[in-house]
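Working notes, beginning with the structure itself.
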Amino acid sequence: VGVHLPSDGLPVPVVRRLVGPDRLIAVSTHSVADIQRAEQAGADFVVFGPIYDTPSKRGLGPPLGLAAISDARRMSSIPIFAIGGVTVEHVGDLIGAGAAGIAVIAAIMSAVDVETSTAALRDEIDRHKSILT
């Protein structure tokens, strides 16, 4: 249980004082520098993107691409969750590049069968994480 802050939201230290030490704090990030700032401020993890093109994230700039996950992973020790145009077909590449997980909107919200689509995403994450361990 915790909070997910927008990139221009309240500072992590302020939120930490409000929610206490036992709650998770995530921050939306759009560059490696954003990730480093969030980590230094005390975020527990970040949501990073957009990795692929998606209508909901076009206002944040062009897609960062898969290599950005690898770059970010090398520069940070906190978990990085990929967002932006993520589909079940991308999961293996994202986990392989160092993403701790994924965050999705359209992959579930536009699905004909939300339960099946969610299960497929979870299964794919589990499958690729077990390959790495």
Side-chain angles (χ1 to χ4, degrees):
V1 178
V3 297
H4 178 171
L5 303 174
S7 57
D8 60 353
L10 288 172
V12 173
V14 170
V15 174
R16 178 66 67 206
R17 285 193 302 277
L18 293 171
V19 301
D22 298 329
R23 302 285 189 221
L24 294 174
I25 298 176
V27 177
S28 287
T29 60
H30 310 293
S31 69
V32 173
D34 286 350
I35 292 171
Q36 290 173 317
R37 280 191 293 277
E39 182 174 11
Q40 290 167 357
D44 296 296
F45 66 95
V46 296
V47 180
F48 180 53
I51 301 303
Y52 303 103
D53 183 50
T54 183
S56 67
K57 303 289 182 207
R58 286 190 182 135
L60 300 172
L64 300 170
L66 191 60
I69 295 287
S70 296
D71 292 343
R73 178 76 275 138
R74 282 192 300 275
M75 305 290 244
S76 175
S77 62
I78 61 175
I80 299 167
F81 288 75
I83 194 168
V86 175
T87 65
V88 70
E89 293 83 14
H90 296 132
V91 170
D93 290 338
L94 292 165
I95 299 296
I102 60 167
V104 299
I105 298 171
I108 292 175
M109 297 303 290
S110 66
V112 173
D113 183 338
V114 169
E115 186 175 347
T116 299
S117 295
T118 302
L121 285 162
R122 286 186 56 191
D123 290 347
E124 196 68 0
I125 291 166
D126 292 344
R127 184 171 80 82
H128 286 283
K129 284 199 165 193
S130 70
I131 291 169
L132 294 175
T133 57

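A quick note: this is a predicted structure, and the numbers were derived from the prediction, not measured.
- If you take CG on Leu5 and OG1 on Thr29, they are separated by 11.5 Å, rounding to the nearest 0.5 Å.
- Checked by atom type and distance alone, the side chain of Arg73 pairs as donor or acceptor with a backbone atom of Ser76 at under 3.5 Å.
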Stepwise side-chain contact (heavy atoms from CB on, under 4.5 Å) check, Val3 with Leu18: CA-CA 11 Å; Val3 297; Leu18 293 171; over 6 Å; no

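- Partner Phe48 forms a side chain to side chain contact (heavy atoms under 4.5 Å, CB included) with one of Ile83, Ile35, Val27 and no other, that one being Ile35.
- Contact detail for Val46 and Ala38: the closest heavy-atom pair is CG1-CB, 3.7 Å.
- Closest approach of Ala103 and Val47 over heavy atoms only: CB-CG1, 4.1 Å.
- In plain terms, the two heavy atoms of Ala107 and Ser117 that are nearest each other are O-CB, 3.8 Å.
- Rounding to the nearest 0.5 angstrom, the gap separating the CD1 atom in Ile69 from the CD1 atom in Ile51 is 3.5 Å.
- The two residues Ala97 and Leu66 have their closest heavy-atom pair at CB-CD1, 3.9 Å.
- When atom types are taken as modelled, the side chain of Arg16 and the backbone of Pro11 share no donor-acceptor pair closer than 3.5 angstrom.
- Using a distance-only test at 3.5 Å, with no hydrogens or angles considered, a donor-acceptor pair links the side chain of Asp44 to the main chain of Ile25.
- Taking hydrophobic clusters as Ile, Leu, Val, Met, Phe, Trp and Tyr residues chained together by side-chain heavy-atom distances below 4.5 Å, Phe45 does not share a cluster with Ile125.
- Criterion: ILVMFWY side-chain heavy atoms under 4.5 Å apart, direct or through other members. Under it, Val104 and Val114 are part of a common hydrophobic cluster.
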May I have the step-by-step check of salt bridge (charged side-chain N to carboxylate O under 4.0 Å, His left out) for Asp34 and Arg37, ending in yes or no? CA-CA 5 Å; Asp34 286 350; Arg37 280 191 293 277; 2.4 Å; yes

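- For the residue pair Gly61 and Pro50, the shortest heavy atom distance occurs at O-CG, 4.1 Å.
- Note that CD1 of Ile78 and CD of Gln36 are 10.0 Å apart. Values are rounded to the nearest 0.5 Å.
- In this structure, Leu10 is a member of the same hydrophobic cluster as Val19, with clusters built from ILVMFWY side-chain heavy atoms closer than 4.5 Å.
- Here Leu121 contributes atom CG and Thr116 contributes atom OG1; the two are 11.0 Å apart, rounded to the nearest 0.5 Å.
- Between Pro63 and Tyr52, the shortest heavy-atom distance links the atoms CB-C, 3.7 Å.
- A side-chain donor-acceptor contact under 3.5 Å links Ser130 to the backbone of Arg127.
- In this structure, CD1 in Ile102 is found 10.0 Å from CZ in Phe81, a value given to the nearest 0.5 Å.
- One finds the CG atom of Asp71 at 11.5 Å from the OG atom of Ser31 (value rounded to the nearest 0.5 Å).
- Using a 4.5 Å cut-off between side-chain heavy atoms of Ile, Leu, Val, Met, Phe, Trp and Tyr, with links allowed through other members, Val86 and Val88 fall into the same hydrophobic cluster.
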